[in-house]
Amino acid sequence: MAAKRELGDWIDERQEQFTDVSDQIWERPEVAMAESFACDLQAQTMEADGFRITRNVGDQPTAFSAEWGEGSPIIGFLGEYDALPGLSQKSQATKDPVVAEAPGHGCGHNLLGTAAMASAMAIKAWLKETGQSGTVRYYGCPAEETITGKVYMARSGAYDDLDAAITWHPWGTTTVSLGSSLAVDNLRFRFHGKTAHAAAQPEQGRSALDAVELMNNGVNYLREHVIEKARIHYVITNGGGAPNVVPDEAEVWYFVRAPERDQVEEITARVRKIAEGATLMTETSYEEDFQAGAYNVLPNRALAELALGLMRELGPLEFTEEEQQFAQTIIDGFPAGTREASMRSMEQPLSMLAKPLHTEIVSPLDEGKVGAGSTDVGDVSWITPTVQVHSTCWPIGIPGHSWGITATGAMSIGHKGMIHAAKAMAITAAELYTNPDELAKAQAEFKERTTDRPYKTPIPEGVMPPAPQKPRA
């Protein structure tokens, strides 16, 4: 396939530019909704390359889209660039934060967004060179870690005219995804009471913290009466100011998850009733701050099989002995048995742990499974046929959202995985542009699965995107 060689060569020739963009984002980690540097860097890079830039997509200052070309098909690449609180880590194989408690790219989103951007730029160059008709679009998506950015972009109609969407995620293996994820509601409950001296006049107070704790107790009893695969978890984000003052303000932040969107909505309705009950018991009031809700991922077999076949044509990743040793040192920084436990929990063969870095391209390991996490890629997958590929960027089996992932994000291991993913996504897109039958197959599958279940935004009317997440340092 000529396009495969042309696109791969084009990306290789500009590898230094893309690794520089990725490393700059790694060095300036920004948490959800605060990704100003990453957003500006990518938007300016693509504008300089001739893309038409649209800012503030979905009423989000750190969301943008970049478009080039005209007509159909319209293929979109999904990028992310938010970091995680508390995962600062130097680019070295032993645990050592750059700044204690500061954010870090413990999920590889510096690589994720940059590879998707590189794919879009490669396709733009290929469309221009070949005269192939079509439009390429890149989406700079904020706040994936809080399951937010793409949901508000979807509500604005950003994906409605796409013929297909392509994305990826850094991983411990190189493959495609055929599994789903948990749908989720992300919401806060803010209780209001009345202050009083906690020792001298406690009867004068109405404790917002009591309401939070009673709500949490009620939700914990609810766990016995929800479906087995549901998950409800929370943190108390405000518990008051001092123990000798009855708190008049307190807040709890919940994630409610289940395999299907309607299941989440049913559980959330019960959680809301528990909040109301807590106010009755404490003579307080509350307000709900709905942050976001997201769908489960709807995999597309036609796109996944196409992408996997093209990835196999690209060939496996190759890592040096020094890179394997770097990865082994990271593994040694976790308790013994960590990797084995991770593989068992994901029902993956322990034989894949033979080397620290997994190199081979494998068949989907998640087919028919519902992963334990959530992603706002799910919403896009219910609007247009969507495929997600994976590429090895860190030692297989180490925990997600950990310092060990941050450690590989700005060195050769992460860079190799990023470039491999960029090539895989670009050649998949090229096949969709040049082979209408492949695109039609994906769209027919999508239509069959969604005809009776059309996408409806999970965001209540009038709700606006949340404020930037506050880092711990």
Side-chain angles (χ1 to χ4, degrees), residues 31-34 83-88 97 99-104 143 145-148 184-226 230-258 264-293 374 401 459-460 462-473:
V31 294
M33 292 294 186
L84 285 158
L87 286 181
S88 175
V99 178
E101 299 299 310
E145 296 294 359
T146 55
I147 326 295
T148 302
V184 64
D185 272 346
N186 169 355
L187 62 171
R188 298 172 184 248
F189 295 88
R190 195 170 296 122
F191 289 87
H192 306 280
K194 187 169 67 172
T195 59
H197 193 294
Q201 293 95 25
E203 74 283 0
Q204 300 292 328
R206 298 294 182 267
S207 174
L209 178 59
D210 285 354
V212 163
E213 293 190 301
L214 285 165
M215 179 180 180
N216 292 341
N217 284 336
V219 171
N220 286 334
Y221 279 108
L222 175 64
R223 295 177 196 278
E224 185 181 355
H225 305 286
V226 296
R231 294 288 184 269
I232 313 172
H233 28 267
Y234 64 86
V235 292
I236 297 175
T237 53
N238 178 14
N244 62 339
V245 179
V246 175
D248 66 340
E249 299 284 341
E251 182 186 76
V252 59
W253 184 10
Y254 274 88
F255 274 25
V256 179
R257 308 190 204 235
V264 168
E265 291 172 355
E266 290 171 5
I267 297 168
T268 295
R270 299 182 71 181
V271 169
R272 287 175 173 137
K273 290 179 180 179
I274 292 169
E276 293 170 5
T279 65
L280 292 174
M281 288 187 282
T282 55
E283 296 185 347
T284 59
S285 62
Y286 86 95
E287 62 191 35
E288 178 188 314
D289 183 4
F290 191 95
Q291 304 278 291
S374 305
H401 292 190
I459 305 170
V463 171
M464 297 299 290
Q469 185 183 8
K470 293 181 179 179
R472 282 187 276 172

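In what follows, every heavy atom counts, from backbone to side chain, and hydrogens, waters and symmetry copies are set aside. Everything quoted here is computed from the prediction, not taken from an experiment.
Closest of all the heavy-atom pairs between Pro466 and Gln291 is CB-OE1, 3.2 Å. Scanning all heavy atoms of the two residues, the minimum distance from Ile147 to Val184 falls at CG2-CG1, 3.4 Å. The two atoms that bring Ala278 and Ala211 nearest to each other are CB-O, 3.4 Å, heavy atoms only. The nearest pair of heavy atoms linking Ala83 to Pro103 is CB-CB, 4.4 Å.
Taking NE2 of His197 as the start and CD of Gln204 as the end, the distance is 12.5 Å to the nearest 0.5 Å. One distance of note links CD1 of Ile267 with CG of Asp185; it measures 9.5 Å at 0.5 Å rounding. Summarising the geometry, atom CG belonging to Leu209 is positioned 9.5 Å from atom CG belonging to Leu214; distances are rounded to the nearest 0.5 Å. Taking CG of Leu84 as the reference point, atom OG1 of Thr146 lies at 10.0 Å (rounded to 0.5 Å).
The stretch residues 190-217 participates, sequence neighbours left out, in these salt bridge (charged side-chain N to carboxylate O under 4.0 Å, His left out) pairs: Arg190-Glu251, Arg190-Glu287, Arg190-Asp289, Arg206-Glu283.
Thr284 places no side-chain N or O within 3.5 Å of a backbone atom of Thr282 that could act as its donor or acceptor partner.
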- Task: Would you check, one step at a time, whether the test side-chain contact (heavy atoms from CB on, under 4.5 Å) holds for Tyr234 with Val212?
- Result: CA-CA 11 Å; Tyr234 64 86; Val212 163; over 6 Å; no
- Task: Any chance you could lay out the side-chain contact (heavy atoms from CB on, under 4.5 Å) test for Glu249 and His192, step after step, and finish with the verdict?
- Result: CA-CA 5 Å; Glu249 299 284 341; His192 306 280; 2.9 Å; yes
- Task: Run the numbers on Met215 and Val271 for side-chain contact (heavy atoms from CB on, under 4.5 Å), then give the verdict.
- Result: CA-CA 8 Å; Met215 179 180 180; Val271 169; 3.6 Å; yes
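Using a 4.5 Å heavy-atom cutoff, the side chains of Asp248 and Val246 are not in contact.
Looking at residues two or more places apart in sequence or on another chain, you find a side-chain contact (heavy atoms from CB on, under 4.5 Å) between Met464 and Asp59, Arg155.
Using cut-offs of 30° and 60° for the angle between ring planes, the Tyr254 and Phe189 rings count as perpendicular.
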